[in-house]
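Some notes on the structure that comes next.
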There are 2 protein chains.
Amino acid sequence: MDTKHISRAPHDVLAEYLRDDLSEVNKLIRARMASEHAPRIPEVTAHLIESGGKRIRPMLVLAASHLCGYHGPYHHHLAATVEFIHTATLLHDDVVDESAQRRGRATANLLWDNKSSVLVGDYLFARAFQLMVECGSMRVLDILANASATIAEGEVLQLTTAQNIDTTEDQYLRVIRGKTAALFSAATEAGAVIAAAPDPQVQALVAYGDALGISFQIVDDYLDYGGAGDGIGKNIGDDFREGKVTLPVIRAIAAADGDERAFWARTIGRGNQREGDLDHALELLERHGTMQATRAQAIAWSQRAKDALDPLPDHPLRQMLRDLADYVVARVN
Amino acid sequence: MDTKHISRAPHDVLAEYLRDDLSEVNKLIRARMASEHAPRIPEVTAHLIESGGKRIRPMLVLAASHLCGYHGPYHHHLAATVEFIHTATLLHDDVVDESAQRRGRATANLLWDNKSSVLVGDYLFARAFQLMVECGSMRVLDILANASATIAEGEVLQLTTAQNIDTTEDQYLRVIRGKTAALFSAATEAGAVIAAAPDPQVQALVAYGDALGISFQIVDDYLDYGGAGDGIGKNIGDDFREGKVTLPVIRAIAAADGDERAFWARTIGRGNQREGDLDHALELLERHGTMQATRAQAIAWSQRAKDALDPLPDHPLRQMLRDLADYVVARVN
């Protein structure tokens, strides 16, 4: 499907279709992030929660529950839950290390920003936990508990693979499942489970969320080496400077000759970077065709996401989810 | 009761009585903190979980459940749960406080880094969440979700009351409920609930855990101005240097004349401290009798904890919990 012919972005189409639900979800988010006694909490979260987040994860919950015939009301609680978990992980991701600062990484974070990020993240996670409990489904709690563990394990793994030029594609896949796909698939699975969907439908939506999340994250990692100026708010080369070992680099290291391997060992492995290194890295990615290979991987996962939806009933939302999978990779076209 | 006549510390008596249970809990803790894919996780947590923690919170779960006639097996899961939550908050606290020492050892964030402390804390919290789900009790999940929110809210409130010399005793109480009492009372409540105890017993154990936790934290805050050299691994004056506004200081500020208020405004409010300031602070606490008043508060809460146990059946564990409440304040005698 050629997404260039779609006049509106699929997430906008979804948001329009789910407008009334999203309005309820937003009300719930605002009500539950409030804290009578600690006014800093909404101060810290408001900028994250209000500032143009696309609400992809809540929409996945809502779409999955409707696709499986659910009529509420707990899909709103679950949608708010996944947005809170997502926001909590963003806040914890913001925590900056003094050691990282010492390595010269530019950051404006003061100490209290670190403190607030950690504790307000914890608060949002606790609020998410309360929202899930209100849904009253032990199976949903199980799904989200397992997703939380996968997310945290993936984040720790990312920490230990950073600067490790021997990182494998398997490890990379585990990291991005934790970073992105675990919450996507928990969102679609929980939406199906709350609707008491039959198992093949639940499994179809798990597979969709997982593949969509993987595709989404591979695209993100691709764009970090080639997405300048597309408005995603990321600078080209951030991952390179931080020593993150993502798919384009893993492929380039696998294809490297001796000199090239020494280059990666110095720049990524030891974090010793000079002027011109990013340009040379980009050149190596092009030389070995790893940008094309990364793009192909993203497209393959997007296709897998679309195919996963086959067992689901014919429904406008099924097409919208397929369009969403196309849209994710449209960013690399 | 005069604790000087007790030959063994009450937590050791409890640990002996609960020995078989604690052995199961320790097995569960070791099994669940493992991570096949992210070996840093047990590296970071082993440090905290193995290093001489007294397992007070797990023992509260076990004691409460046995007092209410429970014979297992989910008290072990719950006991491991509260220890994981406790350890997660310590890890997150280490980021927040920049503390140099915890339990007399270098903190995880100095040995590894802030980011590991945050993410491994998140992982332990997720593992705790999985353990609770296995217990299969929605009411227990509700108790622990609410406790998590109270803990996080209290931590954020502590952040906003730091360096605020107008902090009230009410705010202080809310902070220490979050810091300590919320998890103590969730431990005793969950232990009772898993045993399907009648409501008066549940409420008795909630009140006990709450009062014990408050007493425990007031003693901690007292010792920060007077507990040098007792082996608790805390340096005298840490709270003063960090601008934490705890009960001894709140009382001293309430009794301050103009010069004294200016002193507190400079040292705590603006964090502008010089040589000799801690000695002067200690002198002011003595002058206004606020150390004695703080001690009296701790003792009153300890008494409240003991009295709360009256509705519970006559049982060796009931006396052990009473002795534990005495022991908490024995540190200030």
Side-chain angles (χ1 to χ4, degrees), chain A residues 35-41 44 88-89 92-93 95-100 111-112 114-134 136-139 141-142 144-161 170-171 174-175 178, chain B residues 35-41 44 88-89 92-93 95-98 109 112-134 136-139 141-162 171 174-175 178:
Chain A
S35 162
E36 192 189 339
H37 306 292
R40 180 169 297 171
I41 290 172
V44 172
T89 62
H92 285 186
D93 242 21
V95 170
V96 171
D97 281 306
E98 290 143 68
S99 53
L111 180 62
W112 70 264
N114 261 353
K115 290 179 178 182
S116 297
S117 291
V118 175
L119 298 180
V120 174
D122 288 349
Y123 179 74
L124 287 183
F125 193 78
R127 297 298 259 172
F129 184 13
Q130 289 178 311
L131 279 162
M132 298 174 220
V133 168
E134 285 173 45
S137 161
M138 199 54 82
R139 207 173 144 198
L141 282 156
D142 190 43
L144 289 162
N146 293 335
S148 302
T150 304
I151 291 167
E153 199 172 18
E155 295 263 22
V156 178
L157 188 63
Q158 172 167 281
L159 217 57
T160 54
T161 58
D170 269 1
Q171 288 175 314
R174 194 173 302 278
V175 167
Chain B
S35 163
E36 190 188 340
H37 306 292
R40 180 169 299 176
I41 289 171
V44 173
T89 62
H92 285 186
D93 237 27
V95 171
V96 162
D97 288 336
E98 285 208 313
N109 77 325
W112 288 274
D113 49 35
N114 268 346
K115 202 107 190 181
S116 294
S117 292
V118 174
L119 299 179
V120 173
D122 288 350
Y123 180 74
L124 286 184
F125 194 78
R127 296 299 259 171
F129 184 12
Q130 289 178 312
L131 279 162
M132 296 174 222
V133 169
E134 286 174 46
S137 161
M138 200 54 83
R139 207 172 143 199
L141 283 155
D142 190 42
I143 291 163
L144 289 162
N146 293 335
S148 302
T150 303
I151 291 167
E153 198 173 18
E155 295 264 22
V156 178
L157 188 62
Q158 173 166 282
L159 214 58
T160 55
T161 58
Q171 287 174 316
R174 195 175 301 280
V175 167

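Chain A is the first sequence line, chain B the second, and so forth, proteins listed ahead of strands; every chain is numbered from 1. These values consider heavy atoms only, across backbone and side chains, with no hydrogens, waters or symmetry-generated copies.
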Just how far is it from atom CG of Asp93(B) to atom NZ of Lys115(A), taken to the nearest 0.5 Å?
-> 10.0 Å
Would a 4.5 Å heavy-atom cut-off, applied to side chains only, mark Asp122(B) and His92(A) as touching?
-> yes
For Ile143(B), check side chain to side chain contact (heavy atoms under 4.5 Å, CB included) against everything at least two apart and list the hits.
-> Ala186(B), Glu189(B), Val193(B)
Note: vs chain A, highest number of non-hydrogen pairs under 4.5 angstrom among Ile151(B), Leu141(B), Val120(B), Leu131(B) is Leu141(B)
Highest number of heavy-atom pairs under 4.5 Å with chain B among Glu155(A), Gln158(A), Met138(A) belongs to Met138(A)
Kindly write out the residues that satisfy side chain to side chain contact (heavy atoms under 4.5 Å, CB included) with Gln130(B), not counting sequence neighbours, or none if the list is empty.
-> Ala145(A), Asn146(A), Ala149(A), Arg127(B)
What are the two closest heavy atoms between Leu159(B) and Ser116(A), and how far apart are they?
-> CD2-OG, 3.7 Å
Residue part contacting chain B, namely of Ser137(A), when any heavy atom lies under 4.5 Å = backbone
Closest approach of Phe129(B) and Met132(A), non-hydrogen atoms and distance?
-> CZ-SD, 3.4 Å
Counting heavy-atom pairs under 4.5 Å to chain B, which of Asp142(A), Leu144(A), Val156(A), Thr161(A) comes out on top?
-> Val156(A)
